[in-house]
Asker: 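One structure, as structure tokens, below. Some questions next.
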Amino acid sequence: MSERYDYVIIGGGSAGSVLGNRLSEDGNRSVLILEAGRSDYAWDLLIQMPAALPFPSGKSLYDWKYESDPEPYMGGRRIKHARGKVLGGSSSINGMIYQRGNPKDYERWGADSGMETWDFAHCLPYFKRLENALAADPDDEYRGHDGPIKLERGPAKNPLFQAFFNAAVEAGYSRTPDVNGYRQEGFGPFDKHVYKGRRMSASRAYLHPVKHRKNLTIKTRAFVKDIDINGDRADGVTYQRNGKMHHVTAGEVILAGGAINTPQLLQLSGVGDPEHLRSVGVEPKVNLPGVGENLQDHLETYIQYSCPQPVSQQPNLKLSRMPWIGLQWILGRKGPAATNHFEGGGFVRSNETVDYPNLMFHFLPVAVRYDGQKAETEHGFQVHVGPMYSDARGSLKIRSNNPKEHPSMVYNYLSTEQDKREWVEAIRVSREIMAQPAMKPYNSGEISPGPSVQTDEEILDWVAKDAETALHPSCTAKMGPESDPMAVVDPKTMKVHGLDNVRVVDASAMPYVTNGNIHAPVLMLAEKAADLILEKDPLKPLQIDYYRHGVDPADAGTVTG
Ligand SMILES: Cc1cc2nc3c(=O)[nH]c(=O)nc-3n(C[C@H](O)[C@H](O)[C@H](O)COP(=O)(O)OP(=O)(O)OC[C@H]3O[C@@H](n4cnc5c(N)ncnc54)[C@H](O)[C@@H]3O)c2cc1C
């Protein structure tokens, strides 16, 4: 006998967790979440302990372990792409950095045809609904104070952070009290998805508190193979669990598998470019050539330095220290393991042609790559940097009709003149900051890329060889009106064009990547989508001023980078 639910949500990740909560809130509708990964158990230190963040990536137990095709502008390198395969999705394995993006990102969304209800004024109330910004002034009207996502800030107490912020000011950039508040541009401590020393994932915030609801069912280790589409409707979905195939009937199907899995599943189900689908043995059902196109991401590098003073976190990377650090965390959720260490950074406009920051810096008081590979130095630190709204575009395509085969994807990083120029600027701005007097007592030399990398060509060559993804793939089923042949999702209903009861709510639906880490934007999108799906009155747009370079009165005489 087939089961039936009003809403079947594919993927219990960031967006899926928000939807699972909001759609089951009034108790009237039955909601099923099908999650391919296992549960995010409270005992699982690699998920719950913030400083364990490098460990889940690359492990099949937590990670889908995607890889790009050879990148044509990076000497044919394949770039590894981690994606959370566990309840909470990527929010259970991510870096926990909380960035809304710049208000102008949403003005850009809202300026596209049919997207007027996605401008900043319409999105801001949903950011406020999702967050509880614990460090913000309770009267701060830019920030939310009672949402499910509890956010701690910084504290960025390590002297290296202070030196970095001071150096940024010496280099002519500004401080800002809150990059998610009135003013993003500038340097300061960052908010993080960490609460009381534990990861504040989307599932911890949205699903665990409500999993007792009778109308909410969460099935983990349930891998969805395809959506059964008949004409302009989906009957339900087929999934594999414990080695058996199951069919579930759905009033509505909502794809929330993320920017890679969602277009993959749409294509497997016959939604995409008919010619491509036929070539891989899939019967085309809905002609939507935009599925899998418009792929966007952030590429980043680490610029690493050695430090002559014994102030960095480098010694804590030693295996011999880990038991003690782990014990402090287990006993009291305290110590170096209770933070993600991405406690501060900044946003910069690297040239005068951009009107809002195109570079983001994360500062770390330790020199270590995301995969845990540490720099050979007793003490060290690093900045992560890269362009934030590159005009490079990639695409994603299934290779066959086998749902277990990873799709082909190419991002075309470094393919455009703008991208290349901004990369050179990114490295030069980083070095300019690190060369300031405030950093002098702490900077005993650049480890990577090192002094041999100086000219534009040398910089680009190093970026092509060394850069990694910042893990923000997005925009592969973009919102836009039906009149746009490359749009996939209706911005007013989140329905896939041409289908009456299939929606997309996750990072794929973004039209453009935002200028920071994208977890908060995905949560916002899902909060807003939940109201659209339930046909609730949307939250009232909040018309509020925000910092705009050159317009803000404080800018008279400001030096820019
Ligand atoms: C290692 C890493 C570090 C990151 N660091 C940060 C950071 O510090 N700050 C930040 O803002 N962003 C960060 N990001 C990005 C951010 O976490 C993601 O963009 C965001 O979580 C995406 O949300 P989503 O809902 O679109 O997809 P996901 O959260 O990835 O959820 C998709 C879910 O769907 C499930 N699924 C997929 N296919 C199927 C299927 N066929 N059947 C059933 N289930 C399926 C997956 O297992 C997953 O649980 C990071 C990402 C990664 C991977």
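By convention here, the first residue in the shown sequence is residue 1. We count ligands from 1, going down the list as the structure has it; atoms in each ligand are counted the same way.
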Asker: Check whether any side-chain heavy atom of Arg213 lies under 4.5 Å from a side-chain heavy atom of Asn21, and answer yes or no.
Answerer: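 Counting from C-beta outward, Arg213 and Asn21 do come under 4.5 Å.
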
Asker: Does Tyr370 have its ring centroid less than 6.0 Å away from the ring centroid of His384?
Answerer: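 So the answer is no for these two rings.
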
Asker: Angle class for the Tyr106/Phe127 ring planes (parallel below 30°, perpendicular above 60°, tilted otherwise)?
Answerer: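 Plane angle over 60°, so perpendicular.
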
Asker: Just jot down the ligand 1 atoms closer than 4.0 angstrom to any heavy atom of His472, in number order.
Answerer: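 Listed by number with element: 12 (N), 13 (C), 14 (N), 15 (C).
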
Asker: A side-chain contact here means heavy atoms from C-beta on lying under 4.5 Å apart; do His193 and Arg199 qualify?
Answerer: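 No - every pair of side-chain heavy atoms lies 4.5 Å or more apart.
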
Asker: Report the nearest protein non-hydrogen atom to atom 5 (N) of ligand 1: residue, atom name, distance rounded to 0.1 Å.
Answerer: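 Answer, as residue, atom name and distance: Gly95 N, 2.9 Å.
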
Asker: Please write down residue, atom name and distance for the protein heavy atom closest to atom 26 (O) of ligand 1.
Answerer: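 Its nearest protein heavy-atom neighbour is Ala507 N, 3.0 Å.
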
Asker: Which of the numbered atoms in ligand 1 are under 4.0 angstrom from any heavy atom belonging to Gly89?
Answerer: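 By the 4.0 Å cutoff, the relevant atoms are 29 (O), 31 (O), 48 (C), 49 (O).
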
Asker: On a heavy-atom basis, I'd like to know which of Asp297, Leu471, Val18 is closest to atom 52 (C) of ligand 1.
Answerer: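 When every heavy atom of Asp297, Leu471, Val18 is considered, Leu471 comes closest to atom 52 (C) of ligand 1.
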
Asker: Identify which one of Tyr512, Tyr356, Phe347 satisfies the ring pair (Phe, Tyr, Trp, His ring centres under 6.0 Å) criterion when paired with Tyr389.
Answerer: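 Answer to the ring pair (Phe, Tyr, Trp, His ring centres under 6.0 Å) test with Tyr389 among Tyr512, Tyr356, Phe347: Tyr356.
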
Asker: Can you sort out which atoms of ligand 1 are near Gly257, meaning under 4.0 Å from one of its heavy atoms?
Answerer: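 With Gly257 as reference, the close atoms of ligand 1 come out as 32 (C), 34 (O), 37 (C).
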
Asker: N/O to N/O below 3.5 Å, does that happen between Ala36 and ligand 1?
Answerer: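 Yes, since at least one N or O of Ala36 sits under 3.5 Å from an N or O of ligand 1.
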
Asker: Evaluate the salt bridge (Lys or Arg N to Asp or Glu O under 4.0 Å) criterion for residues Asp63 and Lys85: first the C-alpha distance (whole Å), next the side-chain angles of each, then the deciding distance (0.1 Å), finally the verdict.
Answerer: CA-CA 5 Å; Asp63 180 1; Lys85 187 182 186 181; over 6 Å; no

Asker: For atom 31 (O) of ligand 1, find the nearest protein heavy atom and state the residue, atom name and distance (0.1 Å precision).
Answerer: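 Protein heavy atom with the smallest distance to atom 31 (O) of ligand 1: Gly13 CA, 3.2 Å.
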
Asker: Does a side-chain heavy-atom distance below 4.5 Å link Val502 with Val286?
Answerer: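 No. Closest side-chain heavy atoms not under 4.5 Å.
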
Asker: Given that the side chain starts at C-beta and the backbone is N, CA, C, O, which of these parts of Ala526 lies under 4.0 Å from ligand 1, counting heavy atoms, or is it both or neither?
Answerer: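 Within the 4.0 Å criterion, Ala526 makes no contact with ligand 1.
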
Asker: Kindly indicate whether the side chain of Asn358, heavy atoms from C-beta on, has any atom under 4.5 Å from the side chain of Asn515.
Answerer: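 Asn358 vs Asn515: side chains apart.
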
Asker: To which of Asp40, Asp506, Asn261, Ile33 does the heavy atom nearest atom 38 (N) of ligand 1 belong?
Answerer: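 It is Asn261 that holds the nearest heavy atom.
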
Asker: In this structure, which one of Lys478, Arg393, Lys397 forms a salt bridge (charged side-chain N to carboxylate O under 4.0 Å, His left out) with Glu293?
Answerer: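 The salt bridge (charged side-chain N to carboxylate O under 4.0 Å, His left out) with Glu293 is passed solely by Lys397 among Lys478, Arg393, Lys397.
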
Asker: So Arg29 and Leu534, do their side chains get closer than 4.5 Å, heavy atoms only?
Answerer: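 A side-chain contact under 4.5 Å exists here.
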
Asker: Parallel, tilted or perpendicular: which describes the rings of Phe363 and Phe164, with under 30° parallel and over 60° perpendicular?
Answerer: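 Answer is parallel, since the angle falls under 30°.
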
Asker: Number the atoms of ligand 1 from 1 as they appear, then name those within less than 4.0 Å of a heavy atom of Leu34, with their elements.
Answerer: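 Under 4.0 Å from Leu34, ligand 1 has these atoms: 43 (C), 44 (N).
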
Asker: Check if Trp64 has a non-hydrogen atom at a distance under 4.0 Å from any atom of ligand 1.
Answerer: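 Checking ligand 1 against Trp64, which is what was asked, there is a heavy-atom contact under 4.0 Å.
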
Asker: Quick one: look up the protein heavy atom nearest atom 47 (O) of ligand 1 and list residue, atom name and how far away it is.
Answerer: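 Residue, atom and distance for the closest contact: Glu35 OE2, 2.7 Å.
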
Asker: Angle between ring planes, Phe120 versus Tyr546, binned at 30° and 60°: parallel, tilted or perpendicular?
Answerer: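 Rings of Phe120 and Tyr546: perpendicular, as their planes differ by over 60°.
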
Asker: List every atom of ligand 1 that sits less than 4.0 Å from any heavy atom of Ser91, numbering the atoms from 1 in the order shown and giving each element.
Answerer: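 Those qualifying, in numeric order: 21 (O).
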
Asker: Atoms of ligand 1 less than 4.0 Å from Ile518 heavy atoms?
Answerer: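 Contacts of ligand 1 toward Ile518, numbered from 1: 10 (C), 11 (O), 12 (N), 19 (O).
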
Asker: Just which atoms of ligand 1 are under 4.0 Å from any heavy atom in Ala15?
Answerer: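 Numbered from 1, ligand 1 contributes 25 (O).
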
Asker: Short list, please: which atoms of ligand 1 are under 4.0 Å from a heavy atom of Phe223?
Answerer: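 Heavy-atom distances to Phe223 below 4.0 Å select 41 (N), 42 (N).
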
Asker: Suppose we measure from atom 34 (O) of ligand 1 to each protein heavy atom; which comes out shortest, and what is that distance?
Answerer: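 Looking at atom 34 (O) of ligand 1, the protein heavy atom closest to it is Gly11 CA, 3.2 Å.
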
Asker: Taking atom types as modelled, is there a side-chain donor on Asn132 or Tyr195 under 3.5 Å from an acceptor on the other?
Answerer: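 Judged by distance alone, the side chains do not pair up.
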
Asker: So, regarding Val86 and ligand 1 (criterion: nitrogen or oxygen to nitrogen or oxygen, under 3.5 Å), is there a contact or not?
Answerer: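 Val86 vs ligand 1: N/O contact under 3.5 Å present.
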
Asker: Ring centroid separation for Phe55 and Tyr62, is it under 6.0 angstrom?
Answerer: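 Ring centroids of Phe55 and Tyr62 are no less than 6.0 Å from each other.
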
Asker: To which protein heavy atom is atom 21 (O) of ligand 1 closest, and what is the distance rounded to 0.1 Å?
Answerer: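 Checking every protein heavy atom, the shortest distance to atom 21 (O) of ligand 1 gives Ser14 OG, 2.7 Å.
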
Asker: Aromatic rings Tyr41 and Trp43: how do their planes relate, parallel, tilted or perpendicular, breaks at 30° and 60°?
Answerer: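 Rings of Tyr41 and Trp43: parallel, as their planes differ by under 30°.
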
Asker: Considering Val237, Asn94, Asn517 one by one, which has a heavy atom nearer to atom 4 (C) of ligand 1 than any of the others?
Answerer: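 That would be Asn94.
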
Asker: In this structure, does ligand 1 have an atom that sits under 4.0 Å from one of the heavy atoms of Leu53?
Answerer: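 Contact check Leu53 vs ligand 1: negative.
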
Asker: Nearest protein heavy atom to atom 28 (P) of ligand 1, by residue and atom, and its distance?
Answerer: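 The answer is Ser90 N, 3.6 Å.
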
Asker: Could a heavy atom of Pro473 be found less than 4.0 Å from some atom of ligand 1?
Answerer: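 Pro473 does not count as a contact of ligand 1 under the 4.0 Å cut-off.
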
Asker: From atom 27 (O) of ligand 1, work out which of Ala202, Gly258, Gly88 has a heavy atom at the shortest distance.
Answerer: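 Result: the heavy atom closest to atom 27 (O) of ligand 1 is in Gly258.
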
Asker: Tell me which one of Val505, Thr262, Leu265, Ile97 gets a heavy atom nearest to atom 9 (N) of ligand 1.
Answerer: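 It is Ile97 whose heavy atom sits nearest to atom 9 (N) of ligand 1.
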
Asker: Looking at ligand 1, is there an atom of it that comes within less than 4.0 Å of some heavy atom belonging to Tyr370?
Answerer: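 Yes, Tyr370 has a heavy atom closer than 4.0 Å to ligand 1.
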
Asker: So is Gly16 touching ligand 1 or not, going by heavy atoms under 4.0 Å?
Answerer: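 Gly16 does not count as a contact of ligand 1 under the 4.0 Å cut-off.
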
Asker: Out of Ser57, Ser508, Ala82, Gly84, indicate the one that has the non-hydrogen atom closest to atom 48 (C) of ligand 1.
Answerer: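 When every heavy atom of Ser57, Ser508, Ala82, Gly84 is considered, Gly84 comes closest to atom 48 (C) of ligand 1.
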
Asker: Other residues, nucleotides and ligands only: do more than 12 of their heavy atoms fall within 6.0 Å of NZ on Lys157?
Answerer: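 No, NZ of Lys157 has 12 or fewer neighbouring heavy atoms, counting only those of other groups under 6.0 Å.
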
Asker: For the NZ atom on Lys80, are there more than 12 heavy atoms of other groups (residues, nucleotides or ligands in this structure) within a distance under 6.0 Å?
Answerer: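 Atom NZ in Lys80 is not crowded, with 12 or fewer foreign heavy atoms closer than 6.0 Å.
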
Asker: Met96 to ligand 1: N or O pair under 3.5 Å?
Answerer: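 Yes, since at least one N or O of Met96 sits under 3.5 Å from an N or O of ligand 1.
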
Asker: Heavy-atom count check: over 12 atoms from other residues, nucleotides or ligands less than 6.0 Å from Lys196 NZ?
Answerer: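 Result for NZ/Lys196: open.
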
Asker: Of the protein's non-hydrogen atoms, which lies at the shortest distance from atom 41 (N) of ligand 1, and what is that distance?
Answerer: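 Result for atom 41 (N) of ligand 1: Val224 O, 3.1 Å.
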
